[in-house]
Amino acid sequence: MSEESIEAEPERKKTLHERWQWLDQFRGLIIIFLIISVISWQLSGDPLNLADRPIGPPLLNHGFQYLDGYPTMITIIDIGQQIFMFVLGLGAYLAFTSRREKKGVKEAWKHGIIRVAILYGLAFLDDGLIGGLIFSGEIPWNEVLWYGTLANLAIGSFAAYLAVYLIPKEPDKRIIVSVGILVIHAVLYAFPNVFVQNSPSTGTIVFPWNALNHAAIAIAGTCFCQWYKTDPNDPTVGFKKRILPVAIISILAFYCFDWIQPAEHHDATTSLALLSIAASGFLIAVFYSFEKMNFKVPVLSEMGKNLLLLFILAFIFDQYVQIFPKDFLIDNPLLTMLLIGILPIAIEAGIAVLLAKRNIVIKI
């Protein structure tokens with residue numbers, strides 16, 4: 001998440017709004033989870049086949065890699081993309097409102113459109129050209145436009161900007177829009193014989209499930225950010241009145257709804273979205289509490305300041321992991337832990353620290 005178009009500039013330069021240490025810490029944690037998911041994805045294996053057993057902690061890999069049935073297995077990694085979307089929603093609120101107040105609506109929308117265009121450009125490059133045309137001979141337009149990770153981030157970001165523009169001062173009303181989208185998703189998802197789903201019974205009409213609920217999550221992120229500023233002098237007011245109550249309601253709603261429509265990563269079901277919103281709210285409270293106790297997790301802030309840059313660089317390790325023969329990794333668990341489990345994180349952390357020492361933020 002950033003507040004400018006592509007550029008590198010000294011962080012000491014006057015910014016449109018203050019940086020929140022707890023938010024950078026939160027963002028840094030998300031990057032670490034992303035790096036781990038990129039690595040573990042390549043080492044999934046088959047838990048029922050000893051000749052191709054998984055490598056790495058199963059909790060830190062997508063659940064469907066181990067049980068791709070219905071309902072599929074869910075792990076913390078399966079809500080990583082959605083939490084990332086929530087974080088971009090937080091940033092969208094800060095970026096749009098600060099520009100609107102200080103430079104006008106036109107500049108605010110200019111920033112928003114540039115951000116969405118960049119994400120779509122990256123989607124075309126990664127999912128369209130590299131992942132599609134080069135490896136399979138054709139461009140998967142569904143991945144580029146609405147199904148892929150980067151496309152979903154673009155759609156969700158646009159939804160966040162639009163929601164903040166249309167409902168600028170009343171986050172309690174904006175959260176109703178988010179809930180409404182979640183309900184629409186759930187109602188439409190209740191017709192598996194009509195719309196194509198990742199379930200045993202699928203219909204014939206393709207529907208952008210991921211895009212719909214990612215928009216809802218991003219809009220929720222804008223609300224949480226504004227609630228944090230309920231009392232400019234005391235953020236705990238916002239936590240007590242809205243952030244924590246909504247997070248608790250979300251986790252309870254997730255529990256109840258998961259009995260009806262199980263959490264599904266590929267379709268970003270409403271239960272998965274509710275779990276993501278709840279987890280994001282609790283993580284905000286955790287890192288804000290850390291800050292109030294003057295506790296700071298080393299390196300997380302530096303990584304959080306260059307969120308999207310490190311997000312893009314993380315996909316390099318998708319290819320790095322494939323350098324090592326799987327038999328070698330299985331036979332040498334200590335080396336595997338060092339080369340696969342630690343080195344990629346250490347490299348990205350090193351890049352983040354180096355940029356921080358030079359007061360450089362690559363803002364995308």
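All values below come from the heavy atoms of this structure, side chains included, with hydrogens, waters and symmetry mates left out.
More than 12 heavy-atom neighbours from other residues, nucleotides or ligands sit within 6.0 angstrom of OH on Y70.
For A215, the side chain to side chain contact (heavy atoms under 4.5 Å, CB included) test picks out A159, with sequence neighbours left out. In this structure, the ring-ring contact (aromatic ring centres under 6.0 Å, His included) partners of F290, at least two apart in sequence or on a different chain, are F287, F295. By the ring-ring contact (aromatic ring centres under 6.0 Å, His included) test, Y165 is found to be paired with W109, residues two or more places apart in sequence or in another chain being considered.
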Inset, instruction - Could you walk me through whether W141 and F124 pass side chain to side chain contact (heavy atoms under 4.5 Å, CB included), step by step? - result: CA-CA 8 Å; W141 288 108; F124 180 75; 3.6 Å; yes
Inset, instruction - Output, in order, the C-alpha distance, side-chain angles, deciding distance and verdict of side chain to side chain contact (heavy atoms under 4.5 Å, CB included) for L212 and F207. - result: CA-CA 9 Å; L212 189 64; F207 190 82; 3.9 Å; yes
Inset, instruction - For the pair H185 and W209, evaluate side chain to side chain contact (heavy atoms under 4.5 Å, CB included) and give the outcome as yes or no after the intermediate values. - result: CA-CA 7 Å; H185 188 295; W209 300 114; 3.5 Å; yes
Inset, instruction - Could you walk me through whether F311 and I30 pass the side chain to side chain contact (heavy atoms under 4.5 Å, CB included) test, one step at a time? - result: CA-CA 9 Å; F311 171 79; I30 300 307; over 6 Å; no
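The closest side-chain heavy-atom distance from I347 to L313 is not below 4.5 Å. At least one side-chain heavy atom of L182 sits under 4.5 Å from a side-chain heavy atom of N213. Under the 4.5 Å side-chain criterion, counting only non-hydrogen atoms from C-beta, N61 is not in contact with T75. Put simply, the side chain of L309 reaches to within 4.5 Å of the side chain of L355, judged on heavy atoms. Within the 4.5 Å cutoff, no side-chain heavy atoms of F26 are placed close to those of V286. Inter-residue side-chain proximity for V353 and K357 is flagged as met; some heavy-atom pair is nearer than 4.5 Å. Two residues are said to be in side-chain contact when any heavy atoms from C-beta on lie closer than 4.5 Å; M85 and S276 fail this criterion. Between R100 and T97 there is a side-chain heavy-atom pair separated by less than 4.5 Å.
Q82 places no side-chain N or O within 3.5 Å of a backbone atom of A268 that could act as its donor or acceptor partner. Looking at H265, its side chain does come within 3.5 Å of a backbone N or O of D78 through a donor-acceptor pair. Using a distance-only test at 3.5 Å, with no hydrogens or angles considered, no donor-acceptor pair links the side chain of Q261 to the main chain of T270. One N or O on the side chain of Q197 and one on the backbone of Y189 form a donor-acceptor pair closer than 3.5 Å. Proximity of a side-chain donor or acceptor of Y147 to a complementary backbone N or O of P208 within less than 3.5 Å is not detected. Without hydrogens or angle criteria, T269 side chain to E264 main chain gives a donor-acceptor distance under 3.5 Å. In terms of modelled atom types and a separation under 3.5 Å, the side chain of N152 and the main chain of A211 share a donor-acceptor contact. The backbone N or O of L60 lies less than 3.5 Å from a partner atom in the side chain of S40, making a donor-acceptor pair. Listed for the D267 side chain is a donor-acceptor partner under 3.5 Å among the backbone atoms of N198. With hydrogens and angles disregarded, no donor-acceptor distance shorter than 3.5 Å links the side chain of S280 to the backbone of V87.
Pairs passing the salt bridge (charged side-chain N to carboxylate O under 4.0 Å, His left out) check and including a residue from residues 232-261, sequence neighbours excluded, read D172-R242. Counting only residues at least two apart or in different chains, salt bridge (charged side-chain N to carboxylate O under 4.0 Å, His left out) contacts with residues 312-336 comprise D52-K326. The stretch residues 275-303 participates, sequence neighbours left out, in no salt bridge (charged side-chain N to carboxylate O under 4.0 Å, His left out) pair at all.
Atoms CE and CD, from M303 and E348 in turn, are 5.5 Å apart once rounded to the nearest 0.5 Å. We find the CZ-NE2 distance between F84 and H214 to be 10.5 Å, quoted to the nearest 0.5 Å. Atoms CD1 and CG, from I77 and L34 in turn, are 8.5 Å apart once rounded to the nearest 0.5 Å. Put simply, NZ on K103 and NE2 on H111 are 10.5 Å apart, with the number rounded to the nearest 0.5 Å. One finds the CZ atom of F224 at 10.0 Å from the OG1 atom of T222 (value rounded to the nearest 0.5 Å). Between atom CD of residue E101 and atom CD of residue E107 there is a gap of 14.5 Å, rounded to the nearest 0.5 Å.
Residues V183 and V194 share a single hydrophobic cluster, defined by chaining ILVMFWY side chains whose heavy atoms lie under 4.5 Å apart. Hydrophobic clustering (side-chain heavy atoms under 4.5 Å, transitive across Ile, Leu, Val, Met, Phe, Trp, Tyr) keeps I74 apart from W41. Cluster membership for L310 and L343, using ILVMFWY side-chain heavy atoms within less than 4.5 angstrom, is shared. By the rule that hydrophobic residues join a cluster once side-chain heavy atoms approach within less than 4.5 Å of another member, L354 and F317 end up as members of separate clusters. I113 and F96 end up in the same hydrophobic cluster when Ile, Leu, Val, Met, Phe, Trp and Tyr side chains are linked at under 4.5 Å.
Among all heavy-atom pairs drawn from G128 and P140, the shortest one is O-CD, 4.0 Å. For the pair D126 and L150, the tightest heavy-atom approach, listed with the atom from each and the gap, is CB-CD1, 4.1 Å. I330 approaches R53 most closely through the heavy-atom pair CG2-NH2, 3.1 Å. Closest approach of V206 to V196, counting heavy atoms only: N-CG2, 4.1 Å. Taking all atoms of both residues into account, the shortest heavy-atom contact from T72 to A263 is CG2-O, 4.1 Å. When all heavy atoms of P262 and S271 are compared, the pair lying nearest together is C-OG, 3.3 Å.
Residue Y93 is tested with V164, L88, I219 for a side-chain contact (heavy atoms from CB on, under 4.5 Å); the sole match is V164.
Taking the six-membered ring where the residue is Trp, H62 and F64 present parallel rings, their angle staying beneath 30° rather than reaching 60°. Using cut-offs of 30° and 60° on the angle between ring planes, the pair F324 and Y320 is perpendicular. Ring geometry for Y228 against Y288 counts as perpendicular: the plane angle is over 60°, on a 0 to 90° scale with 30° as the lower cut.
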